[in-house]
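Working notes, structure below.
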Amino acid sequence: MQFEAPNPEVVALVAALNPAQKEAVTAPPEHRLVLAGAGSGKTRVLTHRIAWLIAVENVSPHSILAVTFTNKAASEMRGRIESLINVPVRTMWVGTFHGIAHRMLRLHWKEARLPQNFQILDADDQQRLVKRVLRSLDLPDDKWPPKMVTGYINGQKEEGRRPEAMQDQGDYAQRQLARVYSAYQQQCEANGLVDFAELLLRAHELCRDNAQIQAHYRNRFRHILVDEFQDTNTLQYAWLRVLAGDRGVLFAVGDDDQSIYSWRGAKVEHMMRLGHDFTGLEVIRLEQNYRSTGTILKAANGLISRNNGRLGKNLWTEDGEGEPIQLYAAFNEYDEAEFVVNKMKSHLDGRCRYVDLAILYRSNAQSRVLEESLIRNRIPYRIYGGLRFFERMEVKDALAYLRLTTSRDDDNSFERAVNTPARGIGATTLERLRALAREQGTSLWKVAQGAGAALGRSHGNLKQFLDLIDGLARDIQDEPLSKMMETAIERSGLREHYKKEKGEQAESRLENLDELINAARGFERPAEDEGIAPLDSFLAHAALESGERQAGEGEDCVQLMTLHSAKGLEFPIVFLVGMENGLFPHQRAVEEGSLEEERRLCYVGITRARKQLYLSYAEVRRVHGVEQIGSPSMFVREIPPEYIVETRPRAGILRPTFSQPSRSYGSGGGYSPGSNYPSRGGYDRAPSRTATSAATANDVPGGYKLGARVRHAKFGEGTILTFDGDGDRMRVEVRFREAGTKWLMLAQAKLEAL
DNA sequence: GCAGTCGTCATTTTT
DNA sequence: TGACGACTGC
C-alpha cells in the first residue's frame, strides 16, 4: 500500500504487525481468506483490518458488517476497534450471526411476516415445544426422542428446508418427522415464536426474496468480515453470499484445523469453497504464533499433520523451545487427579496463580474426580459449563410472566406460567385447553378466554390467572424495566413459591430472582433497539445472551472445562487429562468416522498451552460404573516423541496387571514408545516384566496388586499406588477416596481387599 | 400435587 | 456409578 500520507494513526496501526498480519490488514478491498493459526493474532488482524478500512480506505463504519459466533467475541471486537480509532463506530454492525439476524427481523418484521413482538425460543424452550407437538400428534416420547426430533428440525432449517418444500418421500419415519416439523412450525407461527435456527433462516429468506431489502443491505454492507469462518453452517454461508452479492467484499478469518463443531452443522468445506464463490479470493496465512513455546507448537504441528485435506499451515514462534511436554501414566482416574493436583502445587510454589492453571477434558463426566481432588487439597476452582443465568428455572419462570404480558399468544410461556406456582390448574384442564387450541388453530390464551363453563371447577382459577396477567400487563406498562421485573416476581407469587421451597437450592433461587431484577435495572437497551419496547429488547437479550456460565469469573481459581469450551482461550499451564483411546478420541466419534475432528480437538487442546503442557491417561478408569482398561490415546503417539517426557514421580513402578474381569475399550492396542522415549521398565507389550525385586512387578509382596482397591478401618476405601521396603518394613502408598494419599506400614495397616 | 421409586442412559453445545 | 425423568401411590 502507499504510505504517502504518513498519518500517525495509520502508522501506529500497522507498526506492530508482522508481515503476514500487515498484508491482511492493508490488503486492497478485495476478498480475502485469512488462515489464522491458533495464537497467531486473529482478533488483532480482524480489528486492525476494520480500523484500516475506516481510517485509510475511508470506508464509512456504516458500510461495515462484522459477524462472529459468540457474544463474547462480538463485544471484544467492538471494544478493541473503538480503542484503536477515534471514530464513532456506532453505525457499524458488529454482532453474532443470530444477533444480526434478530436485528434484521425486528427491523423488517412485517416483511418477514412476523408479529412485531415475536419472542425467541432458546434450546430448552424449543425442546419443550417439540415435546408438546409430539404429544399432540400421538407420537410417543420413547419412540420419538424429543432430542432427536429437535435435532432433525434444526438440521432441516440449517439446510434451508421448509416443511412445505419437503417432498412426500422416504419411509414412514421420514414422513412422520416431516409431519412433526410441519406441526412444530405451525405452532411457532401461531404463537409468534422463533427458534435460533429460525432467526437465521428467516433472515436469509428475507434477504434472498425481498428485492428491496436485498438491495438495501447489499448497497449498505460493502465490507463483510467474518470471524471463525470454519464454523459457518450452510445457512450462514448462504446468507453471507446473499448479503455480499457481487459487490460486497468478504474478509473471512478462520482455521480449518480448529473446526470442532461439524456435529452442530458447521462445515469446514465452506473455507475450501470460498475461492469458487468469491472471485479473486486470496489466501493469507498467519503462522507465526505468539502464544506457545516451540515445543508445544511442534507437537501440535506434528499431530495435526496426520489429517487429510487440510488447507495447510505450520505454526512457528520466535521464542524458545520451552519445557518438554510431560506425560503421566496414572493407575486410575484418582491417581490421575492426584498427579494433576501435585503438579499444580509445585507450580503454585513459584510465581503462578490459580488462574494460570487449566484442566481440559473430553467429556464433562471427567470433572468430578478432579473436583474431589481439588477440594481435598483446598485449591479453588471453577468449572465452565452447566446452566447459565438466563437458563435457570426460576429465571425462566419469571421471564415467562413478562413474555405473556407482551405476547399473550406465546403458548410456551403460558404453559410455564399457568400453574407455577400452583393455582389449581391441573393437567386435565390444560389438556382440554390444548385440545381446544388445536381444534381452533389458536393459542392457549385465546382458548382460555372463551373456555367458560366447559372447564368446570378450574374455570375460576383460570379466570384468575388471565386477570393476573392482564392486570400485570396494565400496571407495569409504563414502569421502568426493573420495576416490571419486581412486580412480576411478586404478583405472580413466584417469590413466595420459592421461599417455601427448602434446601440450599432455594436460597440461590431467591438470590437469582433478585439478580434478575438487578439485571433488568442494569440493562441498557442497545442503540439499535431503539423503537423496540425495552421489555422486548430485554427478553430478546435474555434469549440471545444466556449470560455468564457461572458466577465468580475473574476470581483467582483453577479453570476446568471441556476441550470444546476451551477453544479461543489460553492458559500458561494446561493439563490435558484422559488421554485414552475410547475416551479421547471418543469411542462414539471413532465409530462415526470423525476421527479427524477428534484430532483437531486435540490440536485445539494442545495449542491452549502457553508455557507448559501436561498429558495424562489412566490405565484403568471407571466408566459408567465399570472398570475398564485403557490404552494411551493414539494422539499421544502421534505427537513426535522427542517433545514428550514421561514423568514418574516415584521410581520403579511398573504397570500393574489387573485380574478382575474388565472389558477393554478402544482398539488402539498397546502403546509402544518410540526409541526416543526415556526408557522405563515394564511399560510395553509384556505386561509382567520383572521388576527390581524377585517378586513380579505387579504384585505387592503380601498379596496385593498395584492398583488394587482396599479398605482401611479409619481412612475408608482407596487404591494401592505403590510400595517400598520389604518384609516387615514394607510400606504401601494408598490413595484414599476421602482421606487423601497415605503411606502405611503394610504389617500394621490391616487392609482389607475389595 | 408431591414425594418416593424405578428405569434408563451416559460426547462435545458458540446462539 | 450416578443423574435425571417418568411413573405411582397417597
- Output yes if the stacking criterion (under 5.5 Å between centres, under 30° between planes) is met for A:Phe97 over the base of B:dT15, else no. no

- Task: Measure from the side chain of A:Arg622, starting at C-beta and using heavy atoms only, and say which of B:dT13, C:dT1, B:dT11 lies closest.
- Result: C:dT1

- Query: Rounded to the Å, how far apart are A:Tyr603 OH and B:dT12 P?
  - Reply: 24 Å

- Picking from B:dT11, B:dT13, C:dA6, which would you name as closest to the side chain of A:Lys131? C:dA6

- Note on the structure: Picking from B:dT15, C:dA6, B:dT12, the nucleotide nearest the side-chain atoms of A:Arg264 would be B:dT15

- Would you say A:Asn364 reaches B:dT11's phosphate, i.e. side-chain N/O to OP1/OP2 under 4.0 Å? no

- Message: By the 4.0 Å heavy-atom rule, please label A:Glu592 as base, sugar-phosphate, or nothing.
- Response: base

- Query: Donor-acceptor pair under 3.5 Å: do we get one between A:Arg388's side chain and the base of B:dT15?
  - Reply: no

- Identify whether any heavy atom of A:Ala73 sits under 4.0 Å from a base atom; if not, whether one sits that close to sugar-phosphate; answer base, sugar-phosphate or nothing. nothing

- Item | Backbone of A:Glu158 reached by a side-chain donor or acceptor of A:Asn233 within 3.5 Å | no

- Whole-Å distance between B:dT11 P and A:Phe584 CZ? 15 Å

- Mind calculating the distance between CG (A:Asp142) and P (C:dC4) to the nearest angstrom? 21 Å

- Query: Which part of the nucleic acid does A:Glu158 contact within heavy-atom distance under 4.0 Å: base, sugar-phosphate only, or nothing?
  - Reply: nothing

- A:Asn581 CG to B:dT11 P, in whole Å, measures 17 Å

- Task: Run the ring-centre check on A:Trp263 versus A:Tyr261 and record whether the distance is less than 6.0 Å.
- Result: yes

When you compare the protein's N or O atoms with those of nucleotides 4-10 of chain B, which come within less than 3.5 Å of each other, and at what distance?
{"from": "B:dA10", "atom 1": "N3", "to": "A:His624", "atom 2": "ND1", "distance (Å)": "3.3"}

- Which one, C:dA6, B:dT12, B:dT15, comes nearest to the side chain of A:Trp263? B:dT12

- Rounded to the nearest angstrom, tell me the gap between atom CD in A:Glu391 and atom P in B:dT15. 9 Å

- Query: Between B:dT11 and A:His586, is there an OP1 or OP2 to side-chain N/O distance shorter than 4.0 Å?
  - Reply: yes

- With the side chain of A:Asp141 defined as its heavy atoms from C-beta on, choose the nearest nucleotide among B:dT13, C:dA6, B:dT15. C:dA6

- salt bridge (charged side-chain N to carboxylate O under 4.0 Å, His left out) with A:Glu394: which of A:Arg495, A:Arg509, A:Lys499? A:Arg509

- B:dT13 phosphate, OP1 or OP2, under 4.0 Å from A:Thr562 side-chain N/O: yes

- Position toward the 5' end of DNA chain B (nearest nucleotide), A:Glu545 or A:Ser594: A:Ser594

- Of all the nucleotides listed (B:dT15, B:dT12, C:dA3), which has the minimum atom distance to the side chain of A:Thr70? B:dT15

- Message: Assuming nearest nucleotide by heavy-atom distance, tell me which of A:Ser363 and A:Leu544 is located more 5' along DNA chain B.
- Response: A:Ser363

- Message: Nearest whole Å is fine: how far is B:dT13 P from A:Asn71 CG?
- Response: 17 Å

- Query: What do the steps show when you test A:Asp397 against A:Tyr498 for side chain to side chain donor-acceptor pair (under 3.5 Å), and what is the final call?
  - Reply: CA-CA 11 Å; A:Asp397 285 344; A:Tyr498 283 115; 2.5 Å; yes

- With ring centroids as reference points, do A:Phe465 and A:Phe414 lie under 6.0 angstrom apart? yes

- Query: Is any side-chain N or O of A:Ser565 closer than 4.0 Å to OP1 or OP2 of B:dT13?
  - Reply: yes

- Using a cut-off of 6.0 Å, state whether more than 12 heavy atoms not belonging to A:Glu591 lie near its atom CD. yes

- For B:dT12 versus C:dG5, give the span between their P atoms, rounded off to a whole number of Å. 15 Å

- Item | Whole-Å distance separating the NE2 atom of A:His98 from the P atom of B:dT13 | 17 Å

- Can you see which heavy atom on A:Ala400 is nearest to which on A:Ser413, and at what distance? O-CB, 3.6 Å

- Message: Rounded to whole Å, how long is the line connecting atom OH of A:Tyr361 with atom P of B:dT13?
- Response: 9 Å

- With A:Glu415, the salt bridge (charged side-chain N to carboxylate O under 4.0 Å, His left out) member among A:Lys396, A:Arg132, A:Arg403: A:Arg132

- Message: Between A:Lys267 and A:Ser262, is the side chain to side chain donor-acceptor pair (under 3.5 Å) condition met? List the steps.
- Response: CA-CA 6 Å; A:Lys267 297 209 169 101; A:Ser262 73; over 6 Å; no

